[in-house]
Amino acid sequence: LRGEVILVSGAAGSIGSELCRQIASFNPKNLILLDKTENSLFNVEMEFRQRFPRTFITPILGNVKHRNFMDKLFAVYRPQVVFHAAAYKHVPIVELNPWEAVFNNIVGTKNIVEASHQFEAERFIMISTDKAVRPSSVMGATKRVSELITASFASSNPTKFASVRFGNVMGSEGSVVHLFKKQIERLGPVTITHPEITRYFMTISEACKLILQAGAMGKGGEIFILDMGTPIKITDMARDLIRLSGFKPDEDIEIKFVGLRPGEKLHEELITEGE
């Protein structure tokens, strides 16, 4: 990463912004922050100008869905390493708006992969999810297709294409921990989809360190799977958070089971048979 031109798509998101923070410590030649959300991009840019004044950054407002835009971006800046974190990720919202996810997650990935190939980037790392394993949701299916698109360019290409697959990250805007904290602040109820539901969890900083490591290790065509440890029961997590906030579960704050949402699994997997 040192002395390289690095492009991070979805740079204003939870994973994208932490990736950029860690990349900044390696003194890249130019760190390109690509995001389609103006306010979020502005906030990340301000943070970087203050925290990393010596790192040369280029904030770019734009969308991976637009192929002409991506070609122009690559032609002007010639990124050598690309981290593709831009994606729609909320399972229930994507179930209701499947075509937006197809355009953003699948077509967007195809655009940035083809641009990386055409303009001869050295490395391309696609951020995937455990929901791509035997997908039961539109979101999972779009990310599985994104993995396949990335892998399909790896065989006959000087660019090293790889994907990194992992579960939930603690503390991201869309994480269940964030939701539970808000519900506890309002004194409940804390809503859980099912008493037996489990999820893999990892901190954002840990996930990003491993993504960078996978990017350095990749020889092309791999799907790297992060060791997420043991799946955590969401009910236990909710009870712990309620206690840590100074309340008693079921007495001070009610726990309410609301049923699985469309596309949701009870238990996620990181790997499937035959992989």
Side-chain angles (χ1 to χ4, degrees), residues 10 12-19 21 37 40 85 87-97 101 105 127-144 164-211 225-272:
S14 308
I15 292 286
S17 60
E18 179 58 25
L19 264 178
R21 287 181 200 102
T37 310
S40 304
Y88 287 137
K89 62 181 183 181
H90 290 287
V91 169
I93 289 177
V94 167
E95 287 297 306
L96 293 170
N97 304 277
N105 295 4
I127 315 300
S128 190
T129 167
D130 55 1
K131 291 167 182 65
V133 180
R134 293 201 299 174
S136 60
S137 62
V138 174
M139 194 282 269
T142 61
K143 293 301 281 182
R144 178 61 185 140
V164 180
R165 185 192 285 170
F166 54 97
N168 295 25
V169 288
M170 305 285 271
S172 73
E173 279 298 314
S175 88
V176 70
V177 179
H178 195 73
L179 173 66
F180 286 168
K181 280 182 175 176
K182 284 185 172 177
Q183 290 176 335
I184 292 165
E185 278 170 20
R186 294 196 298 265
L187 301 179
V190 168
T191 57
I192 302 171
T193 52
H194 191 282
E196 297 303 315
I197 197 164
T198 62
R199 287 293 179 266
Y200 288 100
F201 282 98
M202 185 177 264
T203 65
I204 296 178
S205 128
E206 191 181 10
C208 290
K209 276 178 191 158
L210 291 167
I211 291 166
I225 298 168
L226 305 190
D227 182 355
M228 301 289 295
T230 310
I232 293 169
K233 206 169 175 181
I234 300 295
T235 309
D236 294 344
M237 179 189 276
R239 290 182 184 281
D240 288 343
L241 276 172
I242 291 168
R243 285 192 200 99
L244 288 167
S245 304
F247 300 104
K248 290 179 182 173
D250 302 316
E251 288 182 33
D252 302 325
I253 291 179
E254 180 194 357
I255 292 174
K256 195 173 180 181
F257 297 104
V258 294
L260 288 173
R261 297 172 298 181
E264 261 193 330
K265 289 181 182 177
L266 256 187
H267 310 291
E268 296 288 1
E269 308 158 279
L270 284 163
I271 194 163
T272 189

Residues forming a salt bridge (Lys or Arg N to Asp or Glu O under 4.0 Å) with Glu206, sequence neighbours excluded: none
If every non-hydrogen atom of [X] is compared with every non-hydrogen atom of [Y], which pair is closest and at what distance?
X      : Y      : answer
Pro262 : Glu95  : O-CG, 3.4 Å
Leu19  : Cys208 : N-SG, 3.7 Å
Gly229 : Tyr200 : O-CE2, 3.5 Å
Gly167 : Asp130 : CA-OD2, 3.3 Å
Ala207 : Val169 : CB-CG1, 4.0 Å
Pro249 : Ile242 : N-CG2, 3.7 Å

Rounded distance (nearest 0.5 Å) linking atom [atom1] of [X] with atom [atom2] of [Y]:
X      : Y      : atom1 : atom2 : value
Ile184 : Phe247 : CD1   : CZ    : 8.0 Å
Thr191 : Phe180 : OG1   : CZ    : 6.5 Å
Ser14  : His178 : OG    : NE2   : 8.5 Å
Lys89  : Ile127 : NZ    : CD1   : 12.0 Å
Ile15  : Ile204 : CD1   : CD1   : 5.5 Å
Arg199 : Lys233 : CZ    : NZ    : 13.5 Å

Donor-acceptor pair, side chain of Lys265 and main chain of Arg134, under 3.5 angstrom: yes
Any donor-acceptor N/O pair, Thr193 side chain to Val258 backbone, under 3.5 Å: no
For His194, the option from Leu266, Ile234, Thr235 that meets side chain to side chain contact (heavy atoms under 4.5 Å, CB included): Leu266
Passing candidate, side chain to side chain contact (heavy atoms under 4.5 Å, CB included) with Met202, options Asn168, Leu210, Asp227: Leu210
Considering only heavy atoms from C-beta outward, does the side chain of [X] approach that of [Y] to under 4.5 Å?
X      : Y      : result
Pro135 : Lys131 : no
Met237 : Met170 : yes
Val190 : Leu241 : no
Val133 : Arg165 : yes
Val91  : Arg261 : no
Tyr88  : Met139 : no

Salt bridge (Lys or Arg N to Asp or Glu O under 4.0 Å) evaluation trace for Glu185 with Lys182: CA-CA 5 Å; Glu185 278 170 20; Lys182 284 185 172 177; over 6 Å; no
Note: Arg239-Asp236 ion pair, threshold 4.0 Å (strictly below): no
Steps toward side chain to side chain contact (heavy atoms under 4.5 Å, CB included) verdict (Ile255, Asp250): CA-CA 6 Å; Ile255 292 174; Asp250 302 316; 4.0 Å; yes
